[in-house]
Structure formats: C-alpha cells, structure tokens
Protein chains: 2
Amino acid sequence: MGVRVTLRSVAEAAGVSTAAVSYAFNRPDRLSSEMRSRILAVARELGYSGPDAAARSLRTGRANAIGVIFTTGLTYAFRDPYVLALLGGLAEALAHSRTSLVLIPFAPVVAGLSDAEVRESLDAVHRAVIDGAVADGFTDDHPAVRALSERSLPLVRSSETAAGRCVLIDDRQAGRKIGRHLADLGHREVAVVLSSPREPGCAVPPADEAALYPYSRHRLAGIREALPAGARVRVVSGGNNADATGRLAATSLLAAPDRPTAIAADSDVLAAAVVEVATVQGLRVGHDVSVTGFDDVPLAASTGLTTVRQPIHEKGRLMARMLLDPDNTPSRLTLPTELVVRSSTGPAPNR
Amino acid sequence: MGVRVTLRSVAEAAGVSTAAVSYAFNRPDRLSSEMRSRILAVARELGYSGPDAAARSLRTGRANAIGVIFTTGLTYAFRDPYVLALLGGLAEALAHSRTSLVLIPFAPVVAGLSDAEVRESLDAVHRAVIDGAVADGFTDDHPAVRALSERSLPLVRSSETAAGRCVLIDDRQAGRKIGRHLADLGHREVAVVLSSPREPGCAVPPADEAALYPYSRHRLAGIREALPAGARVRVVSGGNNADATGRLAATSLLAAPDRPTAIAADSDVLAAAVVEVATVQGLRVGHDVSVTGFDDVPLAASTGLTTVRQPIHEKGRLMARMLLDPDNTPSRLTLPTELVVRSSTGPAPNR
DNA sequence: ATCCCCTTGTTAATCGTTTAACATGGTGCA
DNA sequence: TGCACCATGTTAAACGATTAACAAGGGGAT
C-alpha cells in the first residue's frame with residue numbers, strides 16, 4: 001500500500017529530472033543508453049510500470065482508443081451477427097495501430113427526463129476517454145449521438161443526412177432491389193418486418209414511420225417504390241432484431257387471416273426467425289410464403305435466405321480508417337449492395 | 001477551430017469560479033438552482049459539452065471502464081462463440097453501472113525482443129485508461145498479463161495458479177468427465193485437439209505441453225487420468241480455435257493410417273470442424289469415430305456434439321462484478337461444469 | 001584558434017479537472 | 001441580542017505526465 005509511484009518519485013530516486021524519466025520511456029533516442037538503462041532499472045526497482053495512462057492521455061490529448069455505441073444496447077450486441085461483423089472490421093483496422101476499442105453502454109433515454117437526468121443516463125458517453133467514435137444505425141438526433149458529437153470528437157456515422165464523416169450503403173436502392181424481386185415474382189401482399197425499439201409484432205402506422213431507425217425507413221421506402229401500384233404493404237415491428245422478437249413478429253403476421261404472400265425483413269436474423277415460424281406452421285417457404293432478409297450474414301446462406309448483401313466488415317474497416325487516418329480517406333463513402341437470390345423466395349401463390 | 005472551451009473559459013464567461021462550473025455538472029446540490037442553470041446556459045452557449053474525460057479521469061483516479069485482453073487477438077475474438085458469451089456476461093454486469101468495456105489489442109510478442117520492443121508491442125495495454133481488467137485463458141506469465149498486473153490495477157484471471165482474483169472452472173475435472181465418458185464407451189485410441197498458438201495440425205510432443213494454454217493443459221491432464229492404462233493419447237494443435245484451423249487438424253488426424261477412434265477437442269468450434277471433415281470423408285460420427293467438444297455453445301446443440309458445458313456468460317458476469325464491486329464478491333470462484341452427451345459419441349468400433 | 005553543430009540533460013509551463021477547506025451572509029431559536 | 005448552523009460560493013492545491021526551449025560540453029572542420 002502506501003504512496004503511489006510516479007514519474008517524479010522515480011526521477012528523485014534516480015537523481016535526474018522528470019523529463020529524463022519521461023524520455024526513458026517514450027523517446028529512447030533522446031537519452032544516452034547508460035542513462036536510460038539506469039532510469040529503467042530504478043523504475044523497475046520501485047515497481048513503476050510506466051507513465052500513468054490517464055495523465056498521459058490528458059497531457060498529449062490522445063487516448064489511443066475509439067468508441068462505439070450500439071442502438072440495441074451493449075448486452076445484445078454480441079448476439080447480433082451484423083454488429084459482430086462490424087466489430088470485426090473495426091478491430092481489423094485497429095489491430096495494427098495499437099488502438100483500443102471502447103464499447104460504450106448507455107441507459108435508455110426515455111421521454112420526459114430533465115437535462116440532468118439525460119446527462120446522467122449518458123454518463124459513460126461523456127466519460128469515455130477516446131479519440132473518436134463510431135455510431136452506426138442511429139438517427140441523427142439520438143441523444144447518445146448528440147452527446148458524442150457535442151464532445152467535438154471525430155465521429156463516423158452511417159447516416160446520409162448527417163453532416164461529417166460517414167460510411168453507408170444506399171438503403172433505399174437496396175430496398176428497391178428487394179421490392180423489384182418480389183414484384184417480379186408476382187407478390188402484391190407484402191409485409192415488412194423492421195427492427196425497432198417498439199413492441200415486436202405490433203403494426204407500425206404510417207404516422208410512426210418517422211421514428212424508425214433511418215436505415216429501416218429507407219429500405220421500406222425502396223420496397224414501396226419498386227412494388228406496383230396495386231400492392232399492399234403492411235409494416236410490423238420486429239423488435240430488438242433478435243431471434244425471439246422476430247418469432248413474435250412472424251407469428252402475428254402468419255396468424256392473420258389475410259396472410260401476406262411475402263415477408264421482407266430488415267435483417268437476416270429476423271428473416272430466419274420468420275422462416276422458422278413459417279416452417280413450424282407447415283408452410284413451405286419459397287412456395288406458400290416468400291421471405292427475404294438483409295445483410296447476408298453466414299446465417300443467411302445456411303438458411304437459404306434471399307437477401308441483400310452489404311459489405312459489413314468492410315464498412316467497419318473503413319469507419320475505423322476514417323478515424324485513424326482521416327487525411328488519406330474520403331470523408332463520405334457509399335458501399336455497394338447486391339441482391340442474393342436463394343430458395344426462400346418464389347412465385348406468389350395463386351389465391 | 002480556434003481555442004478549446006474548458007471549464008475555466010466557461011467560468012470566466014459566467015463570472016464565477018471554476019469550482020462552481022464543476023459543481024454545476026457534477027453536484028447539483030452544491031449550487032443554487034439559479035446559479036446552476038445560469039452556468040449551464042453559458043456552457044451551452046460556448047459549446048462546452050461537459051468536463052473533459054481524460055482530465056476528469058486523471059483527477060478522480062477513476063476511468064469508468066474496464067479492459068479485456070484476448071489470447072487470440074482482437075480480430076478473431078468476434079468469431080469465437082466462447083469469447084462472445086464471455087463478453088455478453090461482462091456487458092450485462094457493466095450495463096447497469098455505466099462502465100465502458102475496453103477491448104485492448106496487442107501485437108504478438110515474439111521471442112528475442114528487447115525490453116523496449118516488448119513495451120512497444122504492448123503499447124495499448126499500457127495506455128488503456130481503465131479501472132481494472134479481465135484476462136481469460138492466459139498463462140500467468142504472458143507478457144500482456146504481466147504488463148497489466150504491473151500496472152497495479154485490479155485484475156481478474158481464470159487461472160488457478162495466479163494470485164489475486166479469479167473466476168474459473170475445474171478444467172482437470174472437466175477433462176476427466178470427457179475421459180471417463182470415452183473410456184466407458186471403450187475408446188483406447190484417443191486424439192486430443194487443443195487450441196494453441198502453434199501450427200494447426202502438428203503434433204504436440206510432451207515436452208511442449210507446458211507451453212499450451214493453461215486450460216488446455218488441465219483438460220488434457222484430466223482426460224489422461226480418466227482413460228485406462230492401456231489407452232494411447234496423441235495431442236495435436238488445433239491452431240487459433242477457428243473453423244479453418246480445426247479442419248486442418250482434423251484432416252491430419254483422420255488421414256493417419258492408425259486413425260484414432262475418438263477425437264476430443266478443446267472447444268466446440270474445433271469439434272464441429274472435426275465433425276465436418278469426418279462427415280465429408282464418409283465417416284459416421286458417433287459410430288466410426290467419436291468426437292467431443294467443450295463449452296456447449298449453441299453450435300454444439302445444433303451439431304449434436306457431446307461436450308462439457310461451462311457457464312461462460314456467468315463467468316463473464318462474475319468477473320465484471322469482481323471488478324465493480326469487490327467488497328461484495330468472493331475473490332476466487334470455481335464454477336460447475338457438466339457433461340452433455342449427444343450423438344457425436346458412441347461405442348468404439350471393433351477393429 | 002574559432003566557429004558551428006550535435007548530443008545529452010534540465011527547467012518550467014501546461015494539459016483540464018476535482019474537492020477539501022475556508023469565507024460569507026442569512027435563518028432559526030433561545 | 002447572540003449564537004450556532006446551513007446553504008452557497010470561492011480559493012488553491014493537487015492529479016501525473018509531456019515537451020518546447022534552453023544550457024553545457026565535446027568534437028570536427030577550416
């Protein structure tokens with residue numbers, strides 16, 4: 001116990017200036033090698049393991065870390081294949097630059113909180129010692145995103161409406177790819193299942209569509225655009241983008257008397273849940289009902305899902321690069337998507 | 001651009017002391033509400049978003065973050081279901097305490113580096129602004145673990161030989177459960193596939209067993225203990241605990257003229273890869289060859305793997321709790337394991 | 001012998017906060 | 001009236017480092 005060992009105490013013990021000790025750890029070339037090894041020896045003897053991280057970070061203004069926030073909450077993030085692919089991409093870019101990845105949790109911000117209460121619920125966002133941050137999938141005005149951008153850190157988003165750096169895909173165009181595919185197959189009764197913070201399975205009235213995640217909104221718009229005039233599109237919440245919430249949504253849709261002939265989900269996870277429920281109910285997916293996903297994560301291939309592939313890993317890699325090396329990276333990038341047709345879609349059944 | 005807004009500049013602009021501004025953000029009760037709102041108004045006007053994270057962290061000595069290091073490297077971590085379950089547990093414990101999770105990368109430390117070079121490769125470990133850290137699966141003398149413990153931060157490990165806090169399972173006992181199961185089924189020719197930094201597929205001679213991951217070593221010991229005297233055990237490296245490396249190991253084992261009747265893998269990921277290779281080669285898993293895994297991640301259930309279940313999520317949760325609330329948590333915990341028999345094991349074939 | 005430059009070390013300012021300890025004026029109470 | 005106490009601000013000392021700018025001494029070239 002007792003007193004903590006600092007740069008200064010090492011300097012005093014070695015009879016040199018603090019600058020010398022600092023140089024011994026940071027700039028070997030500024031010191032003669034004998035001085036340096038003497039200092040390091042004293043440091044080791046005192047149990048000094050190097051400059052304090054927080055102090056260093058204050059003084060230099062660099063944290064060697066970038067932050068990430070998640071729409072669905074930290075706990076769920078590790079079950080979401082989309083998030084994992086993104087994290088994988090981030091990690092790949094970071095690994096070689098000795099930069100840590102800070103996963104920042106935040107309490108859900110419910111309506112009607114005071115300024116102070118909001119601040120408090122975003123505590124971790126304010127306190128994270130980072131050089132920049134990534135916010136993927138958020139609305140521009142989400143409190144956590146706002147808190148982050150107020151910190152005047154470099155921030156990379158995935159929203160086309162946001163100012164500043166971003167990496168994104170053309171969600172609307174991707175939606176059209178799905179819509180056109182379904183239209184070509186003759187589907188006119190389409191349900192769209194979108195990940196959303198609201199109750200899974202409940203219908204989303206047009207008035208509430210503005211509150212959807214931006215990517216969901218755009219994909220939905222694209223689907224609508226590509227379907228012919230007579231088509232009916234109903235929108236249902238898929239909840240947290242989880243297996244369980246997807247099943248709830250699917251159950252409510254497939255139980256309806258006027259069951260849709262096609263169900264377009266916002267993610268492969270949700271789509272796989274729909275396929276599962278449909279199969280259990282004795283429906284032949286691709287015949288009695290068509291299902292599409294989004295992302296093309298590994299799950300999609302093994303489930304035989306028709307989906308839209310997006311380069312998630314690459315997205316993460318580029319987001320990190322934008323933060324690490326802004327000068328050699330464009331500040332806005334739109335990545336390509338591709339319709340991948342598998343067995344989960346087929347011609348609309350005759351009624 | 002221009003000059004940065006600090007607590008001081010806000011104080012000057014508002015005509016109050018810096019203490020007042022600090023209190024406005026941290027201790028509402030120390031200020032009259034009119035003073036407080038005046039200060040916050042000035043702050044907003046100047047674009048001040050709250051106290052600087054690094055400075056705060058230096059001054060208070062708290063970072064509100066805990067670190068994690070991974071044996072297999074950050075990039076691979078997100079593909080490993082074991083790691084994901086652990087992270088999920090950590091995140092769950094953290095979510096309610098407004099603590100961030102810092103994933104720390106480190107360059108591989110190869111032999112024969114100078115002191116300075118080692119330090120440099122562990123740069124992120126030294127620079128991470130954290131209050132404590134988790135190191136799961138490491139040898140006690142791994143450079144990254146050593147660097148972390150020298151920082152005199154609370155550190156939670158999973159090693160029974162380490163001093164200090166740890167959460168672990170009885171790997172040796174778990175190994176015996178597998179060994180006994182295989183012994184009961186009549187297996188006498190057993191191969192053990194262990195995740196290890198060395199070349200996947202290569203044999204691990206007894207002399208090198210000391211360099212294995214500690215958990216591997218203990219499980220191996222347990223398996224050996226439970227098998228009858230006449231049994232032969234050969235040990236093979238499974239590489240990075242990945243799908244691909246597992247297939248390499250499996251191929252080399254199954255191609256051998258004296259193919260083992262049972263293959264015990266160190267993880268479900270490796271075991272699943274073995275099952276896949278065996279199936280492709282036309283072997284009936286559970287008849288011609290038996291395969292066991294470890295962990296009981298979701299993959300195991302869907303593959304029909306016989307395996308040993310360990311409470312990974314719980315492990316993560318407890319590790320985080322030990323760091324967050326050391327006073328109300330025991331400092332050493334051993335969690336239970338359970339043999340789960342499925343279809344991948346069966347009686348040894350007659351030769 | 002002079003000048004210049006290079007190497008190696010020191011001085012001291014600064015990074016942006018937090019918080020114990022102290023002042024000050026007003027209230028409640030005897 | 002006097003005293004204790006409370007609420008509300010301020011003062012000023014850390015927290016632990018980095019790094020320009022400077023100083024001193026030693027060669028090497030001319």
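Being a predicted model, the structure only gives us computed values, none of them experimental. The sequence lines fix the lettering, A, B, ..., with proteins before strands; numbering per chain opens at 1.
Ionic pairing of A/D123 and A/R127 is present here: one or more N-O contacts between side-chain nitrogen and carboxylate oxygen are shorter than 4.0 angstrom. Salt bridge status for A/D52 with A/R56: absent, with no side-chain N to carboxylate O gap under 4.0 Å.
Across the protein-nucleic acid pair, A/N26 atom CG and C/dG9 atom P stand 16 Å apart, rounded to whole Å. Taking atom CZ of residue B/R127 and atom P of nucleotide D/dA17, one finds them 13 Å apart after rounding to whole Å. C/dT10 atom C1' lies 15 Å from atom CD of A/E12, rounded to whole Å. Atom pair A/R27:CZ and C/dT10:P shows a separation of 16 Å (rounding to whole Å applied). Summarising the geometry, the separation between CG on B/D29 and P on D/dT8 is reported as 9 Å, rounded to the nearest angstrom. Here the C1' atom of nucleotide D/dG16 and the CG atom of A/L46 are 16 Å apart, to the nearest Å.
Checked by atom type and distance alone, the side chain of B/T139 never pairs as donor or acceptor with a backbone atom of B/H142 at under 3.5 Å.
For the OP1/OP2 pair of D/dG9 and a distance below 4.0 Å, the side-chain nitrogens and oxygens of B/S32 include at least one atom meeting the criterion. A close approach under 4.0 Å does not occur between any side-chain nitrogen or oxygen of A/S17 and OP1 or OP2 of C/dG9.
Remark on DNA chain D: of its neighbouring residues B/V16 and A/G50, the 5'-side contact belongs to B/V16, judged by nearest-heavy-atom nucleotide.
Using modelled atom types and a 3.5 Å distance limit, the side chains of A/T99 and A/N64 yield no donor-acceptor pair.
In this pair, B/Y48 and B/F25 present their aromatic rings perpendicular. The plane angle is above 60°, beyond the 30 to 60° band. Ring geometry, B/Y213 versus B/Y215: the interplanar angle falls under 30°, so the pair is classed parallel (tilted spans 30 to 60°).
Closest approach of A/A162 and A/R332 over heavy atoms only: O-NH1, 3.1 Å.
B/R30 comes within 4.0 angstrom of a base, heavy atoms only.
Contacts between residues 33-41 of chain A and DNA chain D, defined by a heavy-atom separation under 4.0 Å, are absent.
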- Go through A/E120 and B/R98 one step at a time and tell me if the salt bridge (Lys or Arg N to Asp or Glu O under 4.0 Å) criterion holds. CA-CA 9 Å; A/E120 204 181 340; B/R98 281 155 198 181; 3.6 Å; yes
Pick out the pairs of N or O atoms, protein on one side and nucleotides 13-16 of chain C on the other, that lie under 3.5 Å.
{"from": "C/dT14", "atom 1": "O2", "to": "A/R59", "atom 2": "NH1", "distance (Å)": "2.2"}
{"from": "C/dG16", "atom 1": "OP1", "to": "B/R4", "atom 2": "NH1", "distance (Å)": "3.1"}

Which pairs of donor and acceptor atoms, one on a side chain in residues 71-80 of chain A, lie under 3.5 Å apart (sequence neighbours left out)?
{"from": "A/Y76", "atom 1": "OH", "to": "A/N241", "atom 2": "O", "distance (Å)": "2.5"}
{"from": "A/D80", "atom 1": "OD1", "to": "A/Y82", "atom 2": "N", "distance (Å)": "2.9"}
{"from": "A/D80", "atom 1": "OD2", "to": "A/N241", "atom 2": "ND2", "distance (Å)": "2.8"}

